[in-house]
Q: 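Just dropping this structure here.
Just so you know, these numbers use all the heavy atoms, side chains as well, and skip hydrogens, waters and symmetry mates. Everything numeric here is computed off the predicted structure, so don't read it as measured data. Per chain, numbering begins at 1; letters A, B, ... match sequence-line order.
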There are 2 protein chains.
Amino acid sequence: MDKFDQQILALLRADARLPVSQIAREVNLSRSAVSERIRQLEHSGVISGYHAHVAVPGEAAIKVYLELFYNGGRCEHYVELMRVFPEVRRCSGISGETDMLVYIEAPSMLRFSEVRGEIENFPGMQKVKTHMMVKDWVF
Amino acid sequence: MDKFDQQILALLRADARLPVSQIAREVNLSRSAVSERIRQLEHSGVISGYHAHVAVPGEAAIKVYLELFYNGGRCEHYVELMRVFPEVRRCSGISGETDMLVYIEAPSMLRFSEVRGEIENFPGMQKVKTHMMVKDWVF
DNA sequence: AGTGAAACATCTGTTAG
DNA sequence: CTAACAGATGTTTCACT
């Protein structure tokens, strides 16, 4: 994890679709070297994925935390199911009784209800506890 | 913004580097159609960017949600007290029994314990429930 | 570790039908 | 939408620093 790796990470953090050839130019390494470094960074888990940042249609008028309780199935499974909703911004597996904590931003109460309804009907879903966010400070 | 767009968004959210050709296969559209749709989604701002998710070693090694239960005092009061900790990233007043949900990122377990200890000793604090984040997906 | 070059498959953008 | 083409890109391998 030297200076080159850090430069590569910074570039991919800004634009995950930057071509290897261009990265090579900017950090002054060959394509093969950059390819190999990226492969290492991915394999070692430093880069956990590449994701498009999708804006919530409308605006985030409603902010909610859902507590999910389900039986069987790994959390990865449910994450894949919830990924289809742009309103789902974050899924966190946490210690304690709750299986997963899901943060949702929706443009309206109606839309939120739709999303919540679909999540409740996921196979194996046992309970969905809703926590409307009434105040919020982000630092 | 029809069903196809939503499918495309879900795929790019999961893997920003998915080739257009493969997306086309999965949603049963032609490459040109998918290319055009992605172009529209980018230009209209629905897709605001593509980013590598990087786990920086040492930075935010520990992610935790705290459930705060206190008696008396408004949440604004406690927010002011917690603002002194850079590790406190978000404070949310939510509906339900829990008075406040606090998201914390700390560089080490030791440092987190210190912060948690201080929060527990805030005047009026009744209970602090810790939820270590063991898995996490941010979209 | 990195370079440069080559070879090959794949992706993309752009045409034309 | 399909088909086809040209150019760019990713990946791998190799000989050589």
Q: Can you tell me how far C1' of D:dG10 sits from CD of A:Gln22, to the nearest Å?
A: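 Checked: the CD to C1' distance equals 15 Å.
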Q: Tell me whether the OP1 or OP2 atom of C:dC11 has a side-chain N or O from B:Ser21 closer than 4.0 Å.
A: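 B:Ser21 to C:dC11 OP1/OP2: side-chain N or O found under 4.0 Å.
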Q: For B:Val34 and for A:Leu18, locate the closest nucleotide of DNA chain D by heavy-atom distance; then report the residue assigned to the nucleotide nearer the 5' terminus.
A: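 Its nucleotide being nearer the 5' end, the pick is B:Val34.
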Q: Mapping B:Ser32 and B:Arg17 onto DNA chain D by nearest heavy atom, which one lands closer to the 5' end?
A: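 The residue whose closest nucleotide sits nearer the 5' end is B:Ser32.
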Q: Quick one: does B:Asp2's side chain have a donor or acceptor within less than 3.5 Å of a partner on B:Asp5's backbone?
A: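 Looks like yes, one N/O pair under 3.5 Å.
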Q: Ion pair present between B:Arg39 and B:Glu42, side-chain N to carboxylate O less than 4.0 angstrom?
A: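 No, no charged N to carboxylate O under 4.0 Å.
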Q: Answer yes or no: is there a donor N or O on one side and an acceptor on the other, between the side chain of A:Thr98 and the main chain of A:Glu67, under 3.5 Å?
A: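 Pair absent, no side-chain N/O of A:Thr98 close to backbone of A:Glu67.
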Q: Whole-Å distance between D:dC1 C1' and B:Arg37 CZ?
A: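 The distance from CZ of B:Arg37 to C1' of D:dC1 comes to 13 Å, rounded to the nearest Å.
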Q: Side-chain contact, heavy-atom cut-off 4.5 Å: B:Met132 with B:Met109?
A: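 SC-SC contact between B:Met132 and B:Met109 confirmed.
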Q: Look at the side chain of B:Arg31 and the base of C:dG13, then say whether one donor and one acceptor between them are separated by less than 3.5 Å.
A: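 Such a pair is found, so the answer is yes.
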Q: With sugar-phosphate meaning primed atoms plus P, OP1 and OP2, does B:Asn28 contact a base, only sugar-phosphate, or nothing at under 4.0 Å between heavy atoms?
A: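 No contact.
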Q: Side-chain N or O of B:Ser35 versus OP1/OP2 of C:dG13: is the shortest distance under 4.0 Å?
A: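 Result: yes.
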Q: Check the distance between C:dA1's P and A:Arg39's CZ and give it to me in whole angstrom.
A: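 So the CZ-P distance, A:Arg39 to C:dA1, works out to 13 Å.
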Q: What is the separation between atom CD1 on A:Ile23 and atom P on D:dT11, rounded to the nearest whole Å?
A: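 For the pair A:Ile23 CD1 and D:dT11 P, the rounded distance is 10 Å.
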